[in-house]
**Q** 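Here it is: the structure, laid out below.
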Amino acid sequence: MHSIRAKNITDAFYKTLECMKISGKEMETWKGKVIELSPVLIEVERPKERCLVIPNRYNNIVATIAETIWVIGGRDDLKYLLKYLPRAHEFSDDGSTWRGAYGKRLTNWYGVNQVEEIVNLLKRIPYTGRAVMTLFDPLIDYDNQTKDIPCNNWIQFLLRDGKLNMHVALRANDLIWGFSGINMFEWTVLQEMIAGWLNVEVGKYYHFVGSMNIFEHHFERMDKMLENRIKSDIYHNYPNLNQTKVDIKEDSFQYQIKKFFEVEEGFSNADENSIESILKQVNELQSSFLRQCLKLMLTFLLFKKNEHALAKRVFETSVNDDYKFALADLMCRKIPEVYGPSC
Ligand SMILES: O=c1ccn([C@H]2C[C@H](O)[C@@H](COP(=O)(O)O)O2)c(=O)[nH]1
């Protein structure tokens with residue numbers, strides 16, 4: 001077993017990458033060559049430091065944010081997701097949904113909302129060891145024809161010493177696109193939101209993986225990332241960097257999530273004439289987290305359409321936090337002549 005103790009996502013990512021380079025085993029799978037590390041336990045001391053900005057990774061923070069809210073919001077459709085994550089169709093059997101979508105399984109497991117259940121349980125019995133949620137479904141997940149069997153299978157929340165720890169168990173994890181692209185981010189957002197509902201602090205995040213892997217198409221990038229490893233990350237370099245709190249309130253959760261997706265649907269019509277009214281709708285959302293996510297998502301969509309003046313206008317209305325920093329880095333990297341040199 002490989003145990004990795006890390007401060008935050010950057011530390012966890014680099015340490016696991018290094019461990020894979022040294023101790024990982026190359027093997028052939030039906031999806032091609034991979035390097036595998038097995039099993040791995042990653043402990044993250046500061047789960048709120050979840051934003052990865054490092055050389056050669058080329059990740060898209062907006063895709064991560066958009067998918068996270070899609071999960072928390074309980075959705076399984078591709079229509080919304082494809083705008084931010086074009087390769088989402090690779091995991092779809094029918095071209096319109098993800099059969100293994102975590103959000104749907106979390107919020108509607110044959111009629112059970114597992115998030116609501118564990119929150120109620122922890123409110124009644126704070127020290128309980130029973131606050132668990134299941135994502136792997138033995139009834140349907142031994143199907144070998146499908147493209148999408150959930151990789152994240154089991155989640156536990158444990159409230160200890162006034163802090164909410166989160167334990168996640170995965171059968172398999174792609175270190176690059178999975179762990180660092182979405183999984184740690186999405187779960188720690190859920191952890192922070194639930195900690196807020198319970199009025200306790202965020203504790204540690206534990207990520208256990210049966211088979212951690214890197215696919216052959218990432219081997220070269222793996223070496224580049226290790227070669228250009230940075231010693232200190234954004235949280236260390238900018239200690240006063242704002243971190244927008246995940247402040248979606250429990251009592252208005254359904255309403256705010258519904259509003260979030262309604263406002264987002266209007267983004268496809270964003271232009272010079274509609275931008276102010278769209279921003280007004282965004283600003284009407286109660287949660288500063290959801291407002292910030294929407295502003296960065298809209299910036300990105302405008303950026304993709306080469307509407308740079310509008311993209312900059314929306315970007316300027318967002319708060320200076322780690323997510324904004326990561327998006328600035330992406331835009332500077334792609335179009336430095338418009339957005340300036342990469343940070
Ligand atoms: O949330 C997810 C979903 C998938 N994967 C990765 C793990 C595996 O590398 C791959 C799925 O391949 P199979 O194990 O299903 O063949 O996708 C993740 O890392 N995180």
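What you see below is based on every heavy atom in this structure, not just the backbone, and it leaves out hydrogens, waters and symmetry mates. Note that the coordinates shown come from a computational prediction; the quantities given were computed from them, not determined experimentally. Whatever order the structure lists them in is the order used to number ligands and atoms, beginning at 1.
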**Q** Record the part of Asn152 in heavy-atom contact with ligand 1 below 4.0 Å; permitted values are side chain, backbone, both and neither.
**A** side chain

**Q** For ligand 1, is there an atom lying under 4.0 Å from some heavy atom of Lys147?
**A** no

**Q** Under 4.0 Å from any heavy atom of Ala172, which atoms of ligand 1 are there?
**A** 7 (C)

**Q** Go through ligand 1 atom by atom and flag the ones less than 4.0 Å from a non-hydrogen atom of Phe215.
**A** 9 (O)

**Q** Any atom of ligand 1 sitting under 4.0 Å from a heavy atom of Tyr102?
**A** yes

**Q** We want to know whether Glu43 and Ser3 form a side-chain donor-acceptor pair, criterion being a heavy-atom distance below 3.5 angstrom.
**A** no

**Q** Below 30° counts as parallel, above 60° as perpendicular, anything between as tilted: where do the rings of Trp177 and His217 land?
**A** tilted

**Q** Are His207 and Tyr205 near enough that their ring centres are under 6.0 Å apart?
**A** yes

**Q** In ligand 1, which numbered atoms sit nearer than 4.0 Å to a non-hydrogen atom of Asn173?
**A** 7 (C), 18 (C), 19 (O), 20 (N)

**Q** So is Ile149 close enough to ligand 1, meaning a heavy atom under 4.0 angstrom away?
**A** no

**Q** Can you find an N/O atom of Asp174 closer than 3.5 Å to an N/O atom of ligand 1?
**A** yes

**Q** Judged by modelled atom types alone, do Asn213 and Lys31 share a side-chain donor-acceptor pair under 3.5 Å?
**A** no

**Q** Which atoms of ligand 1 sit under 4.0 Å from any heavy atom of Asn183?
**A** 1 (O), 2 (C), 18 (C), 19 (O), 20 (N)

**Q** Please check if the distance between the ring centroids of Trp187 and Tyr102 is under 6.0 Å.
**A** yes

**Q** Could you go through the salt bridge (charged side-chain N to carboxylate O under 4.0 Å, His left out) check for Glu316 and Lys312 one step at a time?
**A** CA-CA 6 Å; Glu316 274 159 24; Lys312 282 182 174 179; over 6 Å; no

**Q** Have Asn108 and Asn113 got a donor and an acceptor in their side chains that come within less than 3.5 Å?
**A** no

**Q** Do the ring centers of His308 and Phe303 come within less than 6.0 Å of each other?
**A** yes

**Q** Step by step, would you call Phe253 with Phe260 a ring-ring contact (aromatic ring centres under 6.0 Å, His included)?
**A** CA-CA 10 Å; Phe253 176 80; Phe260 175 94; over 10 Å; no

**Q** What is the nearest protein non-hydrogen atom to atom 11 (C) of ligand 1, stated with its residue, atom name and distance?
**A** Lys31 NZ, 3.5 Å

**Q** With a cut-off of 4.0 Å, which atoms of ligand 1 are near a heavy atom of Asn213?
**A** 9 (O)

**Q** Closest non-hydrogen protein atom to atom 14 (O) of ligand 1, residue and atom name please, with distance?
**A** Arg171 NH1, 2.8 Å

**Q** List the closest protein heavy-atom neighbour of atom 3 (C) of ligand 1: residue, atom name, distance to the nearest 0.1 Å.
**A** Cys151 SG, 3.3 Å

